[in-house]
*Asks:* 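Right, I'll just put the structure down here and ask away after.
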Amino acid sequence: QVQLVESGGGLVQPGGSLRLSCAASRSIFSIKPMAWYRQAPGKERELVAVMSSDGSTNYAEFVKGRFTISGDNGKNTVYLQMNFLKPEDTAVYYCNAWFRAYSYWGQGTQVTVSS
């Protein structure tokens, strides 16, 4: 089993920044690929960023140049640094990981971008 706990969400003004954290119950080396998804009100859940097993990263077009996914194995934590936030980034952000061919999800953390 893998437990994922997101934190770091909150209210931020447009153009601001937030750093989301996903604390895992085991080494992130063993639960890759890891990813961040988000779901805005009235919309389907969408992929935001991925950290693959080989360490490579990929991003959705709408966050390229603004968001960065990274990991700290010593802390069993994956981060999503979000810069130049826009109102359309408002959503619940979810951490996702794979372990033994099974997908795990955190409970999500709310990000609201508004003036």
Side-chain angles (χ1 to χ4, degrees):
Q1 295 289 333
V2 176
Q3 292 181 327
L4 304 171
V5 180
E6 301 97 332
S7 63
L11 175 64
V12 64
Q13 294 184 335
S17 298
L18 283 175
R19 189 189 193 193
L20 306 184
S21 298
C22 174
S25 61
R26 62 187 303 117
S27 171
I28 61 174
F29 286 148
S30 67
I31 57 174
K32 291 181 180 178
M34 295 192 69
W36 286 95
Y37 286 75
R38 72 186 188 187
Q39 187 166 20
K43 296 184 178 180
E44 297 296 318
R45 188 171 298 186
E46 61 186 353
L47 179 66
V48 175
V50 179
M51 179 179 291
S52 300
S53 298
D54 63 1
S56 63
T57 58
N58 289 281
Y59 301 90
E61 287 294 328
F62 52 82
V63 303
K64 284 184 177 179
R66 299 190 298 125
F67 292 10
T68 303
I69 185 172
S70 62
D72 185 334
N73 187 60
K75 296 181 179 180
N76 288 353
T77 300
V78 169
Y79 304 96
L80 183 68
Q81 178 66 46
M82 306 185 296
N83 300 319
F84 302 102
L85 284 161
K86 305 174 181 179
E88 51 263 45
D89 293 320
T90 295
V92 177
Y93 284 71
Y94 298 91
C95 183
N96 171 255
W98 284 84
F99 180 66
R100 294 180 177 176
Y102 190 83
S103 181
Y104 294 85
W105 295 88
Q107 293 300 304
T109 184
Q110 176 70 49
V111 172
T112 302
V113 185
S114 176
S115 298

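Heavy-atom basis, side chains included; hydrogens, waters and symmetry copies ignored.
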*Asks:* With side-chain hydrogen bond (donor to acceptor under 3.5 Å, both in side chains) as the rule and sequence neighbours excluded, what pairs involving residues 2-11 come up?
*Replies:* none
*Asks:* Same cluster for W36 and W98 if Ile/Leu/Val/Met/Phe/Trp/Tyr side chains link at under 4.5 Å?
*Replies:* no
*Asks:* Hey, which of V78, V63, L20 is the one that makes side-chain contact (heavy atoms from CB on, under 4.5 Å) with I69?
*Replies:* V78
*Asks:* Do F29 and Y102 share a hydrophobic cluster (ILVMFWY, side-chain heavy atoms under 4.5 Å, transitive)?
*Replies:* no
*Asks:* State whether the number of non-hydrogen atoms from other residues, nucleotides or ligands found under 6.0 Å of E46 atom CD is greater than 12.
*Replies:* yes
*Asks:* With distance as the sole test, does T90 use its side chain to make a donor-acceptor pair with the main-chain N or O of V113 at under 3.5 Å?
*Replies:* yes
*Asks:* Kindly give the cluster partners of W105, where membership spreads through any ILVMFWY side chain lying under 4.5 Å from a current member.
*Replies:* Y37, L47, V50, V92, Y94
*Asks:* Minimum heavy-atom separation for I31 and A24, please, with both atom names.
*Replies:* CD1-CB, 3.6 Å
*Asks:* Using modelled atom types and a 3.5 Å cut-off, is there a donor and acceptor pairing between side-chain atoms of S114 and backbone atoms of T112?
*Replies:* no
*Asks:* Checking side-chain polar atoms at under 3.5 Å, does N73 have a donor or acceptor matched by the opposite partner on S27?
*Replies:* yes
*Asks:* Evaluate whether atom CZ of F84 has more than 12 neighbouring non-hydrogen atoms of other residues, nucleotides or ligands under 6.0 angstrom away.
*Replies:* no
*Asks:* Same hydrophobic cluster for Y59 and F62, using side-chain heavy-atom links shorter than 4.5 Å among ILVMFWY?
*Replies:* yes
*Asks:* Dump the intermediate steps for side-chain contact (heavy atoms from CB on, under 4.5 Å) on R26 and V2, then the final yes or no.
*Replies:* CA-CA 7 Å; R26 62 187 303 117; V2 176; 3.6 Å; yes
*Asks:* Please examine the side chains of S70 and Q81, heavy atoms only from C-beta on, and report whether any two atoms are closer than 4.5 Å.
*Replies:* no
*Asks:* Mind checking what makes salt bridge (Lys or Arg N to Asp or Glu O under 4.0 Å) contact with K43, not counting sequence neighbours?
*Replies:* none
*Asks:* Checking the side chain of S52 only, and the main-chain atoms of D54 only, is there a donor and an acceptor separated by less than 3.5 Å?
*Replies:* no
*Asks:* Between D72 and T77, does a side chain to side chain donor-acceptor pair (under 3.5 Å) hold up when you go through it step by step?
*Replies:* CA-CA 5 Å; D72 185 334; T77 300; over 6 Å; no
*Asks:* Using the side-chain contact (heavy atoms from CB on, under 4.5 Å) rule, take M51 and K32 through it: C-alpha gap first, then chi angles, then the decisive distance, then the call.
*Replies:* CA-CA 7 Å; M51 179 179 291; K32 291 181 180 178; 3.8 Å; yes
*Asks:* Is there a side-chain contact (heavy atoms from CB on, under 4.5 Å) between F99 and Y104 once you walk through the steps?
*Replies:* CA-CA 8 Å; F99 180 66; Y104 294 85; 3.9 Å; yes
*Asks:* If you look only at pairs with a residue in residues 55-104, which of them pass as a disulfide bond (SG atoms under 2.5 Å apart), with sequence neighbours excluded?
*Replies:* C22-C95
*Asks:* Please, which pairs that meet salt bridge (Lys or Arg N to Asp or Glu O under 4.0 Å) have at least one residue in residues 76-97, sequence neighbours excluded?
*Replies:* R38-D89, R66-D89
*Asks:* Report yes if some heavy atom in the side chain of F67 is under 4.5 Å from a heavy atom in the side chain of N83; otherwise report no.
*Replies:* no
*Asks:* Suppose we screen for ring pair (Phe, Tyr, Trp, His ring centres under 6.0 Å). Which residues come up paired with Y79, at least two apart in sequence or across chains?
*Replies:* none
